[in-house]
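Because only heavy atoms are used, hydrogens play no part in the values below, and waters and symmetry mates are left out as well, while side chains stay in. Keep in mind it's a predicted model, so treat the numbers as computed, not measured. Order of the sequence lines sets the chain letters (A, B, ...), proteins ahead of strands, with each chain counted from 1.
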Amino acid sequence: EPEVTQTPSHQVTQMGQEVILRCVPISNHLYFYWYRQILGQKVEFLVSFYNNEISEKSEIFDDQFSVERPDGSNFTLKIRSTKLEDSAMYFCASSEARGVGEKLFFGSGTQLSVL
Amino acid sequence: TQLLEQSPQFLSIQEGENLTVYCNSSSVFSSLQWYRQEPGEGPVLLVTVVTGGEVKKLKRLTFQFGDARKDSSLHITAAQPGDTGLYLCAGAANTGNQFYFGTGTSLTVIP
């Protein structure tokens, strides 16, 4: 069964460093998302992406964050200068179509730890 | 941002018991989804409900969407240890299609 894959599964970085989280969405999907989940808290929407541009972003997704689809298969989330509070599980998701009944498929996540 | 409150936050029951978890909001949703998440994994979609009053069954799981499309419930009959996990609801508003997640219910089924 097709699945969303994320790498790395764990990422440890120093505060102030840049990190890039990578995702390979399901191949025929057109809509891509990043969510994050701080330990013990709810899953929070960060950004949605379609047709090579951001469709929607939350207040969490500030200037330190960016997304890119560099080569038609990968979908990346970059955090320019990490902060301690960026420590969380980051989930990539993709869907084939939007609207009522949209089905989101999630990856297994990247656990980011900022020291 | 639509606020979805789930209750209870934590639930621990014996195998074979029945349970219901709730997802409530003051906002109206065009559709609402339920997910199950296991530790270290991403959420996995269980069901989508789109019509007010809709009831969907998935084996021992029964999902209901409120008539006003502001709330939903998940009922599990004869819970099994394999049902253990974090249950999340997620709603998409009428004005947009972005899904926002609820606060989650952590279920533990004790053998």
Side-chain angles (χ1 to χ4, degrees), chain A residues 1-10 21 23-26 29-50 54-61 88-112, chain B residues 1-10 21-25 27-52 54 56 58 63 65 69 72 85-106:
Chain A
E1 185 175 332
E3 59 181 17
V4 176
T5 56
Q6 290 186 243
T7 55
S9 57
H10 294 84
L21 310 183
C23 169
V24 179
I26 294 173
H29 286 187
L30 301 175
Y31 301 87
F32 314 113
Y33 307 85
W34 285 100
Y35 286 81
R36 79 172 187 190
Q37 187 175 32
I38 296 172
L39 184 64
Q41 298 186 24
K42 68 176 183 178
V43 176
E44 299 175 293
F45 167 71
L46 294 178
V47 66
S48 59
F49 191 87
Y50 169 71
I54 291 173
S55 313
E56 189 176 349
K57 59 183 180 179
S58 72
E59 59 272 16
I60 302 169
F61 194 89
M89 181 74 94
Y90 287 80
F91 291 107
C92 173
S94 69
S95 67
E96 189 175 2
R98 297 209 75 180
V100 173
E102 177 179 10
K103 294 183 180 180
L104 286 175
F105 292 82
F106 284 81
S108 296
T110 293
Q111 179 65 56
L112 176 65
Chain B
T1 301
Q2 290 77 37
L3 184 61
L4 282 150
E5 293 284 347
Q6 289 186 240
S7 60
Q9 186 177 1
F10 298 97
V21 300
Y22 300 92
C23 173
N24 294 292
S25 177
S27 302
V28 175
F29 296 102
S30 59
S31 64
L32 193 140
Q33 299 181 329
W34 283 93
Y35 291 80
R36 181 165 160 267
Q37 184 182 18
E38 297 192 29
E41 298 291 328
V44 176
L45 180 64
L46 297 173
V47 78
T48 301
V49 286
V50 300
T51 306
E54 181 177 2
K56 280 193 174 179
L58 186 65
F63 305 85
F65 201 13
R69 289 185 290 131
S72 181
L86 179 67
Y87 288 82
L88 300 161
C89 64
N94 281 320
T95 55
N97 293 320
Q98 193 49 59
F99 280 93
Y100 288 89
F101 280 78
T103 48
T105 293
S106 179

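Ring to ring, Phe106(A) and Tyr35(B) are close: their centroids are under 6.0 angstrom apart.
In terms of heavy atoms, Glu41(B) sits closest to Ser108(A) at OE1-OG, 3.1 Å. Of all heavy-atom pairs between Leu104(A) and Leu45(B), the closest is O-CB, 4.3 Å.
Partners of Glu5(B) by side chain to side chain contact (heavy atoms under 4.5 Å, CB included), not counting sequence neighbours, listed by chain and number: Leu3(B), Thr103(B). In terms of the salt bridge (charged side-chain N to carboxylate O under 4.0 Å, His left out) criterion, residue partners of Lys56(B) (sequence neighbours excluded) are, by chain and number, Glu54(B).
With contacts defined as side-chain heavy-atom distances shorter than 4.5 Å, the pair Gln37(B)/Gln37(A) qualifies. Contact of the Phe101(B) side chain with the Tyr35(A) side chain is registered, since non-hydrogen atoms from C-beta on lie closer than 4.5 Å.
Interface remark: Leu86(B) contributes side-chain atoms only to the contact with chain A (heavy atom separation under 4.5 Å). Looking at Glu38(B), there are no atoms closer than 4.5 Å to chain A (heavy atoms on both sides), in backbone or side chain.
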